[in-house]
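The shown structure was predicted, so the numbers you read here are calculated from the model rather than taken from an experiment.
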Amino acid sequence: MEVAAKKICAETLERQQVEIRQSVKDGLRHAREGKTKDFNVVCDRLEKKYTNVKI
């Protein structure tokens with residue numbers, strides 16, 4: 001049971017990390033494409049979104 005729980009937790013953590021990486025990539029792409037006025041705005045939005053994410 002404990003092994004299964006650890007596996008689920010590891011899979012969840014990995015999925016969340018992939019989602020965070022993708023969000024960062026999207027933010028960088030938007031900044032390069034000029035879809036955002038300030039790169040700091042992108043970083044602030046991502047930081048606000050993921051600062052209190054439960055892992």
Could you tell me which non-hydrogen atom of Leu46 sits nearest to which non-hydrogen atom of Val24, and how far apart they are? CD1-CA, 3.8 Å

Over 12 non-hydrogen atoms of neighbours within 6.0 angstrom of CD in Glu14: no

Minimum side-chain heavy-atom gap Asp26-Arg29 below 4.5 Å: yes

Whether Lys6 and Glu2 form a salt bridge (side-chain N of Lys/Arg under 4.0 Å from carboxylate O of Asp/Glu) is what I want to check. yes

Assigning hydrophobic clusters by single linkage (Ile, Leu, Val, Met, Phe, Trp, Tyr; side-chain heavy-atom cutoff under 4.5 Å), is Val41 placed with Leu28? no

Show your reasoning for whether side chain to side chain contact (heavy atoms under 4.5 Å, CB included) applies to Leu13 and Gln17. CA-CA 6 Å; Leu13 178 60; Gln17 288 174 338; 3.9 Å; yes

